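Here's the structure we're looking at; comments come further down.
If you're wondering where the values come from, they're calculated on a predicted model, not measured in any experiment. Quick note: numbers below take in every heavy atom, side chains included, and nothing from hydrogens, waters or symmetry partners.
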Amino acid sequence: RERGTRRGGEAQHTAFHTGKFVVVNLLSSLSINPPAKFLRGAGATNRCEPDSCQQHQGFTMVIKVYIASSSGSTSIKKQQQDVKGFLAANKIEFEECDIAANEGNRKWMRENVPEESRPATGNPLPPQIFNESKYCGNYEAFFDAREDNAVYAFLGLTAPPGSKEAEALAKKAQQ
């Protein structure tokens, strides 16, 4: 996983990949661009402040999963873990945005879930999934896309060659 925070006007990052610690900020301070493998580990979870992370300019960090780290609901915890586990297993990078620990994340999520996707009463509950600021859907929509082998399309991403989704799209294009 990778963790980033803003301190003193400077992005400070520590990347955790396969048990090795890489202080990305040190490489940057030496005017060395960190290799992508240090920033983009398989299924890496990126935690950076939205739109303020200078370290990641030029790197893809688009999928945002809004979660509640201190949810009392077992159902919500399982759904969050299901989404994160699937993305990590399929090496789809994502950023966790905790609405329980960050009021800004909570406010942003609530304001950006489209009206037609909101519950009849109350606020939208996590997990909510976005591609940058474009709303993808909630857990139910994610689950349906997974069942249909259409997760990459659901996320607004191109399916990698050899994936079930890419094969299905290729088969469809031949017809």
Side-chain angles (χ1 to χ4, degrees), residues 1-6 11-20 22 24 34-71 73 75-102 104-114 117 124-166:
R1 287 185 292 160
E2 185 172 296
R3 173 176 245 146
T5 58
R6 282 301 253 178
Q12 190 173 50
H13 292 265
T14 305
F16 303 91
H17 296 287
T18 61
K20 297 177 185 175
V22 178
V24 176
K37 69 181 181 180
F38 291 126
L39 297 173
R40 302 180 57 166
T45 301
N46 302 306
R47 292 178 188 230
C48 300
E49 295 300 315
D51 304 322
S52 66
C53 182
Q54 300 298 312
Q55 194 70 37
H56 288 101
Q57 287 183 349
F59 292 95
T60 304
M61 286 188 5
V62 293
I63 304 304
K64 296 179 179 181
V65 180
Y66 284 79
I67 59 133
S69 60
S70 61
S71 174
S73 166
S75 174
I76 287 176
K77 287 179 185 176
K78 285 180 181 179
Q79 290 174 358
Q80 291 173 163
Q81 195 57 41
D82 191 25
V83 170
K84 294 187 310 182
F86 181 88
L87 295 174
N90 286 282
K91 299 178 181 154
I92 299 171
E93 290 191 42
F94 63 101
E95 179 182 343
E96 270 184 51
C97 301
D98 189 353
I99 67 168
N102 184 317
N105 285 341
R106 180 183 349 215
K107 184 178 177 191
W108 193 92
M109 182 194 83
R110 289 178 178 173
E111 290 174 354
N112 288 282
V113 171
S117 299
L125 298 174
Q128 298 289 332
I129 306 162
F130 291 81
N131 182 332
E132 290 295 341
S133 60
K134 180 184 175 284
Y135 183 68
C136 298
N138 60 11
Y139 177 76
E140 289 75 22
F142 172 81
F143 183 84
D144 291 343
R146 190 174 65 184
E147 291 295 308
D148 296 338
N149 288 323
V151 172
Y152 289 94
F154 166 78
L155 296 171
L157 302 174
T158 303
S163 68
K164 289 180 182 179
E165 189 170 339

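- Proximity of I129 to N138: side-chain heavy atoms (C-beta onward) are nowhere separated by under 4.5 Å.
- Between L157 and V62 the shortest side-chain heavy-atom distance falls below 4.5 Å.
- Shown here for F154 and A141, the closest heavy-atom pair between the two residues is CE1-CB, 3.7 Å.
- Of all heavy-atom pairs spanning N131 and C136, the tightest one is N-SG, 3.5 Å.
- Proximity of a side-chain donor or acceptor of N102 to a complementary backbone N or O of G104 within less than 3.5 Å is detected.
- In this structure, Q79 CD and K84 NZ are separated by 13.0 Å, a value rounded to the nearest 0.5 Å.
- Scored by the side-chain contact (heavy atoms from CB on, under 4.5 Å) test, P161 finds no partners at all (sequence neighbours excluded).
- Using a 4.5 Å heavy-atom threshold, the side chains of S133 and W108 count as touching.
- Annotation: the span from L155 atom CG to E165 atom CD amounts to 8.5 Å, rounded to 0.5 Å.
- Taking all atoms of both residues into account, the shortest heavy-atom contact from A166 to A159 is N-CB, 3.8 Å.
- At a threshold of 4.5 Å between non-hydrogen side-chain atoms, the residues Y66 and E96 do not count as touching.
- Distance OG/S69 to CD/Q80: 8.0 Å, rounded to 0.5 Å.
- No side-chain heavy atom of F130 sits under 4.5 Å from any side-chain heavy atom of F94.
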Next on the checklist: Walk me through whether I99 and I67 qualify under side chain to side chain contact (heavy atoms under 4.5 Å, CB included).
Outcome noted: CA-CA 6 Å; I99 67 168; I67 59 133; over 6 Å; no
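- The heavy-atom pair separating A68 from D98 by the smallest distance is CA-OD1, 3.7 Å.
- The CG atom of L125 sits 8.0 Å away from the OG atom of S71 when rounded to the nearest 0.5 Å.
- Within the 4.5 Å cutoff, no side-chain heavy atoms of M109 are placed close to those of C97.
- E111 is linked by a side-chain contact (heavy atoms from CB on, under 4.5 Å) to K107, counting only residues two or more places apart in sequence or in another chain.
- Between R146 and D82 a salt bridge is recorded (basic side-chain N to carboxylate O distance below 4.0 Å).
- Note on ring orientation: taking the six-membered ring where Trp is involved, the planes of F86 and F142 are perpendicular (angle over 60°, cut-offs 30° and 60°).
- Taking all atoms of both residues into account, the shortest heavy-atom contact from I63 to I92 is CG1-CG2, 4.4 Å.
- Taking the side chain as every heavy atom from C-beta outward, N112 and Y135 never approach each other to under 4.5 Å.
- The shortest non-hydrogen separation linking V83 to Y139 is CG2-CD1, 3.7 Å.
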